[in-house]
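All remarks here apply to the structure that follows.
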Protein chains: 2
Amino acid sequence: MPKDAFSATSACNYATVRRAARKLGQFYDDIVGPSGLKATQQGLLYQISATGAPTMGEIASAMIMDLSALGHTLKPLIRDGYVETVADSQDRRIRRVRLTKGGEKKLAEAMKLWKVAQQRLEDRIGAEKAERLRSALDEIAKLDLDEPIAS
Amino acid sequence: MPKDAFSATSACNYATVRRAARKLGQFYDDIVGPSGLKATQQGLLYQISATGAPTMGEIASAMIMDLSALGHTLKPLIRDGYVETVADSQDRRIRRVRLTKGGEKKLAEAMKLWKVAQQRLEDRIGAEKAERLRSALDEIAKLDLDEPIAS
DNA sequence: AATTAATAGTGGCATATGCCAGTAATTAAC
DNA sequence: GTTAATTACTGGCATATGCCACTATTAATT
């Protein structure tokens, strides 16, 4: 048995992506953490900030995330005063999400750290390689994998 | 504003990996789900099965997962009788993990579905491309990203 | 207009994952 | 050979994520 019998290079695309996600989570969290935000939260605040005052459905769709999962994830950010939701005046079913002043400030703080993490990672693997990797992952994210009903 | 203004191609490597992970999770879960296992659980059972009777630390290390997180994740599988842990006779701190008969059976069932998902995905993106993607992700997973102490 | 269908979220429950503070057991130090 | 580290987990708490059932609103039907 090879010494690194437990290095686990799985053939499963899903397992491989999740393993890399955990690794990157450790890395980005270590660096972004001092801002008080998890890297996931920084990413979510960024997504909100970058798209104006998106509705929950728009955010969920963009992030390929379940709507209710998004709702759950927003809770601590709302509790901590970084985010607020306002009912749309046209359609009261819709809730638009936006950063508070404090949220913008906190995001700015976290983004500085994010840049350090991003840069440090790309110094290691190469910006071009990272670019290709993201491109491949985005391709997967955009696939229409609805049951082909191969009847 | 383009119709897919919320398609979100982030520059963040971590966000991109997580988004793809969610997408793949939906896909693999849809197909593996009928076995009664989540794709994550199928992957974990496979990892245990593939490495004999690994210790928790070995599994966690191989999966780049926090040891306590692994412990939590194992609980439903132990509760459902698919996995059991046995104290090592040499070193009683160590708990070896292994599949029960029922766990092996369930894994075999789930693996059939996993193969369908894996094949269907690779039919879409190309086996070679998937191979390259996993390779790139494994490279990240293996990086030594300990704080370089850039003092 | 009243009913039905569709849309947008919320809340409950469950798994996934991580950090930190113990606990148990083994090893290293003195 | 006791005491001080180290190792391997466990448990509690918190966030991340998803499914399903339910509520609130708006749009579509008849």
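By convention in this document, chain letters (A, B, ...) are assigned in the order of the sequence lines, proteins followed by strands, and residues within each chain are numbered from 1.
A side-chain contact (heavy atoms from CB on, under 4.5 Å) with B/Y82 is found for exactly one of B/E104, B/K105, B/K101, B/K106, namely B/K106.
With hydrogens and angles ignored, a donor-acceptor pair closer than 3.5 Å exists between the side chain of A/H72 and the base of D/dG18.
In this entry the distance linking CG of A/L24 with P of C/dA16 reads 20 Å, nearest Å. Following rounding to the nearest Å, B/L44 (CG) and C/dT17 (P) show an atom-to-atom distance of 9 Å. If you take CG of B/L70 and P of D/dT10, they are 9 Å apart, rounded to a whole angstrom. Here D/dG18 presents its P atom at 17 Å from OH of B/Y28, a figure rounded to the nearest Å. To the nearest angstrom, P of C/dT17 lies 11 Å from CG of B/L77. Atom CZ in B/R95 sits roughly 18 Å away from atom P in C/dT23 (whole-Å rounding). Rounding to whole angstrom units, CE of residue A/M56 and C1' of C/dT7 are separated by 14 Å. B/Q26 has its CD atom 7 Å from the P atom of D/dC19, to the nearest Å.
Annotation: of the two residues near DNA chain D, B/D91 and A/L74, the 5′-most nearest-nucleotide partner is B/D91. Summary of the strand contacts: A/K38 and A/D66 both lie near DNA chain C, and taking for each the nucleotide with the nearest heavy atom, the more 5' one is attributed to A/D66. The residue among A/Q90 and A/L67 whose nearest nucleotide of DNA chain D is located toward the 5' end is A/L67.
The shortest distance between side-chain heavy atoms of B/Q41 and B/T73 does not fall below 4.5 Å.
Look at B/R79 and you'll find a side-chain N or O under 4.0 angstrom from OP1 or OP2 of C/dT15. Neither OP1 nor OP2 of D/dA24 sits under 4.0 Å from any side-chain N or O of A/R92. The phosphate of D/dA14 has neither OP1 nor OP2 within less than 4.0 Å of any side-chain N or O from A/K75. Dashed line: the shortest gap from a side-chain N or O of A/R22 to OP1 or OP2 of C/dT17 is under 4.0 Å. Within the 4.0 Å cut-off from OP1 or OP2 of C/dT26, not a single side-chain nitrogen or oxygen of B/R93 is found. Contact check, B/S68 against D/dT10: no side-chain N or O comes under 4.0 Å of OP1 or OP2. The side chain of B/T73 places no N or O atom within less than 4.0 Å of a non-bridging phosphate oxygen (OP1 or OP2) of C/dT15.
Side-chain proximity of A/A69 to D/dG18, C/dA25, C/dA16: nearest is D/dG18. Closest contact between the side chain of A/M65 and the listed nucleotides D/dT17, D/dC9, C/dA25 involves D/dT17. Considering only the side chain of B/R18, D/dA16 comes nearest among C/dA16, D/dC9, D/dA16.
Ion pairing between a basic and an acidic side chain is recognised when a charged N comes within 4.0 Å of a carboxylate O; B/R134 and B/E128 show no such pairing. Ionic pairing of B/E139 and A/K129 is present here: one or more N-O contacts between side-chain nitrogen and carboxylate oxygen are shorter than 4.0 angstrom. With respect to the salt-bridge test (charged N to carboxylate O, under 4.0 angstrom), the residues B/D66 and A/R22 do not qualify.
Counting non-hydrogen atoms of other residues, nucleotides and ligands closer than 6.0 Å to CZ of B/R98 gives a total of 12 or fewer.
Here B/I94 lies in heavy-atom contact (under 4.0 Å) with sugar-phosphate atoms only. Residue A/G57 is classed as a sugar-phosphate contact, given heavy-atom separations below 4.0 Å to backbone atoms only.
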